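Let me begin by presenting the structure, written as structure tokens, before commenting on it.
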Amino acid sequence: MNLLKLSEKKLPFDLDLSLSCGQIFGWKRDGDTWKGVHDGSIVTIRQKENLIYYEGLTKNQVIRFLGLEDPMDEIIGSIRNHIISYNHEPDQFFEEKYAQSEGIRILRQNPWECLVSFICSANSNVRTISRRISLILEETGTSCGINSNEHVFPDPGRLAGCSETGLRRCLTGYRAPYLIKTAAFISSHPGFLDQVKEMEYKTAKEALMVLPGVGPKVADCVLLFAFNHLNAVPVDTRIRSIVEKHYAVHMKVSQGRKIPYDTIGNFCREYFGPYAGYAQQFLYATRDNEKIK
DNA sequence: CGCCAGGCTGTAA
DNA sequence: TTACAGCATGGC
């Protein structure tokens, strides 16, 4: 077991919240130890106050994966400043949510693993998505571990070669063909994701949305949770209902009509600033889980 | 049973 | 452009 000590300025950090808030799927907690897959490795992580115990990754990989170098003082300061300059007063609702989710970090996932995960996330719930990902790893993933009974994500070629019925046995339903087609594309365009990594937000989003099963929401998740675009704002049903209830007054919306996806995202970027993705996550993930509206 | 879930795709207006 | 049915399936 390797040890990482968090300095004062990296606190508070909440491993449980960061791994359970719906950014990543298939991770399981056994006692106080989390186990899951990152970047092709089986990983275990445990937090005891300011100590992080880990296995399966290098120290630098852990720091990167857990977002531990994110300047949280600057991030929350920037978010508050943008709120003030927009509102001319603090945002009580946001502060309530932030108080409940302080300590969370945006994870930096492996892009391919993140992409597969969020194609699987469409119109489902976090529990089911996690089961789905675990099944995909078990059924189609590459085995590793001491007894070869543990699995990491299948690479694109391997996933592209899976049968649709096989994938449907993993609770993927109608998402199965999306997985296969996207895997085939990535497999025949190796370097595609590396190129996307170098693009600025909007270009990268357009590029990702070429992939089957990837719309604006899934693309934003990959951009935020894997590609370090902290201004990406995934708008799912929860974020949508929060924005419609608490922030619709700021947006020019034609009454009785659904607010377009980009209108919500663009508002969040204007209201919360360049760290709108973090603000989104503070709003989405609270310790007193569920019962948002 | 009915409604919802970190939505996307295809089609019609 | 916008609207909307259809999609699989578990959770609750």
Side-chain angles (χ1 to χ4, degrees), chain A residues 17-27 97 101 104-107 109 111 113-136 139 162-185 205-227 229-230 232-245 251-266 268 276-286 289-293:
Chain A
L17 188 57
S18 298
L19 289 176
S20 66
C21 70
Q23 307 183 63
I24 194 164
F25 308 102
W27 280 67
K97 294 301 174 191
S101 54
I104 204 170
R105 293 294 184 284
I106 298 294
L107 303 175
Q109 301 176 41
E113 294 169 1
C114 189
L115 176 62
V116 170
S117 298
F118 279 94
I119 288 175
C120 287
S121 77
N123 199 25
S124 192
N125 55 68
V126 174
R127 262 184 66 90
T128 305
I129 300 163
S130 275
R131 293 183 55 198
R132 194 172 286 151
I133 296 300
S134 295
L135 284 171
I136 288 176
E139 298 299 319
C162 289
S163 71
E164 183 176 329
T165 54
L167 279 177
R168 280 176 184 259
R169 268 181 254 123
C170 305
L171 308 182
T172 55
Y174 61 87
R175 307 162 191 83
Y178 300 153
L179 288 170
I180 293 170
K181 288 180 192 169
T182 285
F185 182 94
K205 186 167 175 178
E206 286 174 16
L208 286 175
M209 287 175 63
V210 165
L211 302 170
V214 180
K217 155 66 169 63
V218 170
D220 274 327
C221 285
V222 174
L223 292 169
L224 178 62
F225 300 137
F227 282 128
H229 286 285
L230 299 183
V233 179
V235 181
D236 73 322
T237 57
R238 184 184 300 184
I239 292 298
R240 172 176 290 281
S241 71
I242 288 174
V243 171
E244 285 176 348
K245 175 165 183 181
M251 287 175 279
K252 34 186 174 187
V253 287
S254 12
Q255 269 303 336
R257 210 158 43 170
K258 186 177 169 188
I259 305 175
Y261 185 99
D262 284 335
T263 303
I264 294 180
N266 289 334
C268 288
Y278 250 107
Q280 172 274 151
Q281 202 60 25
F282 290 138
L283 291 176
Y284 181 88
T286 57
N289 246 338
E290 309 311 318
K291 307 270 192 295
I292 298 297
K293 309 176 248 183

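Everything numeric here is computed off the predicted structure, so don't read it as measured data. Letters A, B, ... are given to chains in the order of the sequence lines, protein chains preceding strands, and every chain is numbered from 1.
In this structure, OH of A/Y261 is placed 17 Å from P of C/dA3, rounded to the nearest angstrom. If you measure from atom CG of A/D220 to atom P of B/dG6, you get 17 Å, rounded to the nearest angstrom. Rounding to whole angstrom units, NZ of residue A/K217 and C1' of B/dG7 are separated by 8 Å. One can place CG of A/D262 at 10 Å from P of C/dT1, the figure rounded to the nearest angstrom. Across the protein-nucleic acid pair, A/K258 atom NZ and B/dC8 atom P stand 10 Å apart, rounded to whole Å. We find that CD1 of A/I264 is positioned 16 Å from P of B/dG6, with the value rounded to whole Å. Spacing between atom CD1 of A/I259 and atom C1' of C/dT2 amounts to 15 Å, rounded to whole angstrom units.
Taking atom P in both C/dC12 and B/dG7, one finds a spacing of 16 Å when rounded to whole Å. The separation of C/dG10 from B/dT9, taken at their C1' atoms, amounts to 22 Å, rounded to a whole angstrom. With P as the reference atom, B/dC8 and C/dG11 are 22 Å apart, rounded to whole Å. Separation of the P atoms belonging to B/dG6 and C/dA5 is 22 Å when rounded to the nearest angstrom.
In this structure, the side chains of A/L224 and A/H229 stay at 4.5 Å or more apart for every pair of heavy atoms. Taking the side chain as every heavy atom from C-beta outward, A/I239 and A/L283 approach each other to under 4.5 Å.
Using a 4.0 Å cut-off between charged nitrogen and carboxylate oxygen, A/K217 and A/D236 do not count as a salt-bridge pair.
At the heavy-atom level, A/G215 lies under 4.0 Å from the strands shown only through sugar-phosphate atoms. Looking at heavy-atom distances under 4.0 Å, A/F225 makes contact with a base. A/I119 comes within 4.0 angstrom of nothing in the nucleic acid, heavy atoms only.
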Write out a two-atom table: protein N or O, nucleotide N or O from nucleotides 8-12 of chain C, distance below 3.5 Å.
residue	atom	partner	partner atom	Å
C/dA8	OP1	A/R168	NH2	3.3
C/dA8	N6	A/N123	ND2	3.1
C/dA8	N1	A/N123	ND2	3.4
C/dG10	O3'	A/R131	NH1	2.9
C/dG10	N2	A/N125	ND2	3.2
C/dG11	OP1	A/R131	NH1	2.8

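Using bins of under 30°, 30° to 60° and over 60° for the plane-to-plane angle, the ring pair A/Y174/A/Y178 lands in the perpendicular bin.
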The test is side chain to side chain donor-acceptor pair (under 3.5 Å); show your working for A/Y261 and A/N266 and say whether it passes. CA-CA 9 Å; A/Y261 185 99; A/N266 289 334; over 6 Å; no
Decide yes or no on side chain to side chain donor-acceptor pair (under 3.5 Å) for A/R257 and A/S254, but give the supporting numbers first. CA-CA 6 Å; A/R257 210 158 43 170; A/S254 12; 2.9 Å; yes
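A donor atom on one side chain and an acceptor atom on the other are found under 3.5 Å apart for A/S124 and A/R132.
With B/dG6, C/dA3, B/dT9 as the choices, the nucleotide that has an atom nearest any side-chain atom of A/Q23 turns out to be B/dG6.
A/Y284 contributes no side-chain N or O that, together with a main-chain N or O of A/R238, makes up a donor-acceptor pair within less than 3.5 Å.
Heavy-atom minimum distance, A/I119 versus A/P212: CD1-O, 3.9 Å. The shortest non-hydrogen separation linking A/V222 to A/C114 is CA-SG, 3.9 Å.
Contacts between residues 206-214 of chain A and DNA chain B, counted as heavy-atom distances below 4.0 Å, involve A/L211, A/P212, A/G213, A/V214.
Heavy-atom nearest nucleotides on DNA chain B were determined for A/V235 and for A/Y178, and the one closer to the 5' end corresponds to A/V235.
A/Y284 qualifies as a stacking partner of the B/dG6 base, centre to centre under 5.5 Å and near-parallel within 30°.
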